[in-house]
A.B. asks: 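Have a look at this one.
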Amino acid sequence: MREATKETMADWRQYEELDYSRILEAALQAFYEHGYHGTTTRDLARRSGLSVPGVYHYYPSKQDILFDLMNVVIDELLTRSKQALRDAAPDPRSQFDALVESLLRFHMYRRTGATVSTAELRSLEPGNRERYVAKRDEQQRMLDRVVLDGVRDGVFSTPYPKDASRAIASLCVGVASWYRPDGSLPVEALLERYLQIARSIVETAT
């Protein structure tokens, strides 16, 4: 029961509540609270208001639910990242700022899904893991390309562009583990602070 993901969106900075199916919403919360292996199909049925056979009507297995959920998460991230790059000016600095901001916003506003996807990658069966990692690698290549373009054009001076790109990706992913909407810093101030940190990793002036 695959959920559709738009290829484009009106504003990649705007986040509204996701309209997950009952099963995926139940899985999102259950896997976040108890982990994949700590959640049974009966738990998912109870949370979604379905019977166990009702869950199996839509998904052959709990593994299929996890894989579908993780794909919904990564597909939204890819869509937002591509839109951010399309909307930004074509120079490497603008592309870099837009992509990093998009990554940060996603891991702030979709922190539950992002946390589940990071934690449960180990729970995917080999074939599913390979397909999911291919999408995750596509996301990483976007950032790699922008950093490499910046080095080529003299905008960034890091001697280690691939390592810098991975470090920035890890920085953005890590936000999901601690960000809370009621934190001490407003969203825009936090974004600017972390953009400055990302820029310092590629060795560019703020």
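What you see is a predicted model; the values in this text were computed from it and never measured.
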A.B. asks: Counting N and O atoms only, with roles assigned by atom type, does the side chain of Tyr36 sit under 3.5 Å from a partner on the main chain of Gln63, one being a donor and the other an acceptor?
C.D. replies: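 Indeed, once roles are kept as given, a pair shorter than 3.5 Å links the two residues.
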A.B. asks: Quick test of your reading of the model: are Arg141 and Asp144 salt-bridged, counting only N-O distances below 4.0 Å?
C.D. replies: no
A.B. asks: Using the rule given for side chain to side chain contact (heavy atoms under 4.5 Å, CB included), can you reason through Asp43 versus His34, listing the C-alpha separation, both sets of side-chain angles and the distance that settles it, and then say yes or no?
C.D. replies: CA-CA 10 Å; Asp43 294 332; His34 304 293; over 6 Å; no
A.B. asks: Under a 4.5 Å cut-off applied to non-hydrogen side-chain atoms, are Val116 and Val73 in contact?
C.D. replies: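 The answer is no; the side chains never approach within 4.5 Å.
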A.B. asks: If you count heavy atoms of other groups shown closer than 6.0 angstrom to CZ of Arg42, is the number above 12?
C.D. replies: no
A.B. asks: Can a donor-acceptor pair be found, under 3.5 Å and without considering hydrogens, that links the side chain of Asp137 to the backbone of Ala134?
C.D. replies: no
A.B. asks: In sequence, state the C-alpha distance, the side-chain angles, and the governing distance for Val146 and Asp149, and then conclude on side chain to side chain contact (heavy atoms under 4.5 Å, CB included).
C.D. replies: CA-CA 5 Å; Val146 168; Asp149 287 348; 5.6 Å; no
A.B. asks: Between Val173 and Tyr15, is there shared hydrophobic-cluster membership here, with clusters defined by ILVMFWY side-chain heavy atoms closer than 4.5 Å?
C.D. replies: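 No, no single cluster joins them.
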A.B. asks: What closest approach, in Å, do Pro181 and Arg111 show between heavy atoms, and which atom pair accounts for it?
C.D. replies: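 Shortest heavy-atom separation between Pro181 and Arg111 comes out as CD-NH2, 3.3 Å.
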A.B. asks: Going from OH on Tyr59 to CG on Leu44, what distance comes out if it is rounded to the nearest 0.5 angstrom?
C.D. replies: 10.5 Å
A.B. asks: Does any part of the side chain of Tyr132, heavy atoms only, come nearer than 4.5 Å to the side chain of Ser117, both counted from C-beta?
C.D. replies: yes
A.B. asks: When you compare the side chain of Phe67 with that of Arg131, does any pair of heavy atoms fall below 4.5 Å?
C.D. replies: yes
A.B. asks: So, does Asp68 use its side chain to make a donor-acceptor pair with the main chain of Asp64 at under 3.5 Å?
C.D. replies: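 Not confirmed, Asp68 side chain does not pair with Asp64 backbone.
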A.B. asks: Set out, in order, the CA-CA distance, both residues' side-chain angles and the distance that settles side chain to side chain contact (heavy atoms under 4.5 Å, CB included) for Arg86 and Lys82, then state yes or no.
C.D. replies: CA-CA 6 Å; Arg86 277 193 289 266; Lys82 291 172 184 177; 4.0 Å; yes
A.B. asks: Between the side chains of Ser48 and Glu25, does any donor sit under 3.5 Å from an acceptor?
C.D. replies: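 There is no such pair between these side chains.
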A.B. asks: From Leu103 CG over to Glu101 CD, what is the distance, rounded to the nearest 0.5 angstrom?
C.D. replies: 10.5 Å
A.B. asks: Measure the CZ-OG distance between Arg46 and Ser51 for me, rounded to the nearest 0.5 Å.
C.D. replies: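 Rounded to the nearest 0.5 Å, the CZ-OG separation comes to 14.5 Å.
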A.B. asks: For atom OH of Tyr160, is the number of surrounding heavy atoms from other residues, nucleotides or ligands below 6.0 Å larger than 12?
C.D. replies: no
A.B. asks: Output the distance between atom CG (Leu104) and atom CG (Leu99), rounded to the nearest 0.5 Å.
C.D. replies: 9.5 Å
A.B. asks: Quick one: do Asp97 and Ser94 satisfy side chain to side chain donor-acceptor pair (under 3.5 Å)? Show the steps, please.
C.D. replies: CA-CA 5 Å; Asp97 283 0; Ser94 297; over 6 Å; no
A.B. asks: Determine, using the 4.5 Å side-chain heavy-atom cutoff (strictly less than), whether Leu195 and Leu77 are members of one ILVMFWY cluster.
C.D. replies: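 Yes, it is one cluster - the side chains of Leu195 and Leu77 are joined through contacts under 4.5 Å.
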A.B. asks: To check you understand the geometry: which heavy-atom pair defines the closest contact between Arg13 and Arg80, and what is its length?
C.D. replies: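 For Arg13 and Arg80, the tightest heavy-atom pair comes out as N-NH1, 4.3 Å.
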A.B. asks: Do you know which two heavy atoms are closest between His107 and Cys172, and how far apart they sit?
C.D. replies: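 Heavy-atom minimum between the residues: CB-O, 3.3 Å.
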A.B. asks: For residues Glu120 and Leu69, determine if any side-chain heavy atom of one lies less than 4.5 Å from a side-chain heavy atom of the other.
C.D. replies: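 Side-chain contact under 4.5 Å: no.
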A.B. asks: Calculate, to the nearest 0.5 Å, the distance between atoms CG and CD belonging to Leu191 and Gln196 respectively.
C.D. replies: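 It comes to 11.5 Å.
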A.B. asks: Check for a donor-acceptor pair, side chain of Ser177 on one end and backbone N or O of Gly174 on the other, with a separation under 3.5 Å.
C.D. replies: yes
A.B. asks: Is Arg105 salt-bridged to Glu188, going by a charged N under 4.0 Å from an acidic O?
C.D. replies: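 Yes, charged N to carboxylate O under 4.0 Å.
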A.B. asks: Less than 4.5 Å apart, any side-chain heavy atom of Phe31 and any of Lys62?
C.D. replies: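 Counting from C-beta outward, Phe31 and Lys62 do come under 4.5 Å.
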A.B. asks: Would you say that Tyr179 contacts Val187 through its side chain, given a criterion of any heavy-atom pair below 4.5 Å between the two side chains?
C.D. replies: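 Tyr179 vs Val187: side chains touch.
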A.B. asks: Taking Gln83 for the side chain and Trp12 for the main chain, is one N or O donor matched with an acceptor at less than 3.5 Å?
C.D. replies: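 A pair under 3.5 Å: no.
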A.B. asks: Are any non-hydrogen side-chain atoms of Met70 and Asn128 less than 4.5 angstrom apart?
C.D. replies: no
A.B. asks: Pick from Leu171, Ile201, Ile168, Ile197: which one makes a side chain to side chain contact (heavy atoms under 4.5 Å, CB included) with Val100?
C.D. replies: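 Exactly one option meets the side chain to side chain contact (heavy atoms under 4.5 Å, CB included) with Val100, and it is Ile168.
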A.B. asks: If only atom types and distance count, is the side chain of Thr79 paired as donor or acceptor with the main-chain N or O of Asp75 below 3.5 Å?
C.D. replies: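 Here the side-chain-to-backbone pair exists.
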A.B. asks: Using the rule that Ile, Leu, Val, Met, Phe, Trp and Tyr join whenever any side-chain heavy atoms are under 4.5 Å apart, tell me whether Leu185 and Tyr109 fall into a single cluster.
C.D. replies: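 In one cluster with Leu185: Tyr109, yes.
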A.B. asks: Treating Ser102 as the side-chain partner and Ala98 as the backbone partner, does any N or O pair qualify as donor plus acceptor under 3.5 Å?
C.D. replies: no
A.B. asks: Counting N and O atoms only, with roles assigned by atom type, does the side chain of Ser165 sit under 3.5 Å from a partner on the main chain of Pro161, one being a donor and the other an acceptor?
C.D. replies: no
A.B. asks: Any idea which heavy atoms bring Val72 and Tyr20 closest together, and the distance?
C.D. replies: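 Shortest heavy-atom contact: CG1-CE2, 3.3 Å.
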A.B. asks: Distance-only, no hydrogens or angles: does the Gln95 side chain make a donor-acceptor pair with backbone N or O of Leu85 under 3.5 Å?
C.D. replies: yes
A.B. asks: What about Ile65 and Tyr58, same hydrophobic cluster or not, with Ile/Leu/Val/Met/Phe/Trp/Tyr joined at side-chain heavy-atom distances under 4.5 Å?
C.D. replies: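 Yes, Ile65 connects to Tyr58 through the hydrophobic network.
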A.B. asks: Would you say Arg199 and Phe96 make side-chain contact, with heavy atoms under 4.5 Å?
C.D. replies: yes
A.B. asks: Could you tell me which non-hydrogen atom of Arg47 sits nearest to which non-hydrogen atom of Ala30, and how far apart they are?
C.D. replies: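 The answer is NE-CB, 3.6 Å.
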A.B. asks: How many angstroms lie between CG in Leu66 and CG in Leu24, if you round to the nearest 0.5 Å?
C.D. replies: 10.5 Å
A.B. asks: Checking Met108 against Leu190 for the side chain to side chain contact (heavy atoms under 4.5 Å, CB included) test, could you report, in this order, the C-alpha distance in whole Å, the side-chain angles of both residues, the deciding distance, and whether it holds?
C.D. replies: CA-CA 10 Å; Met108 291 161 65; Leu190 191 151; 4.1 Å; yes
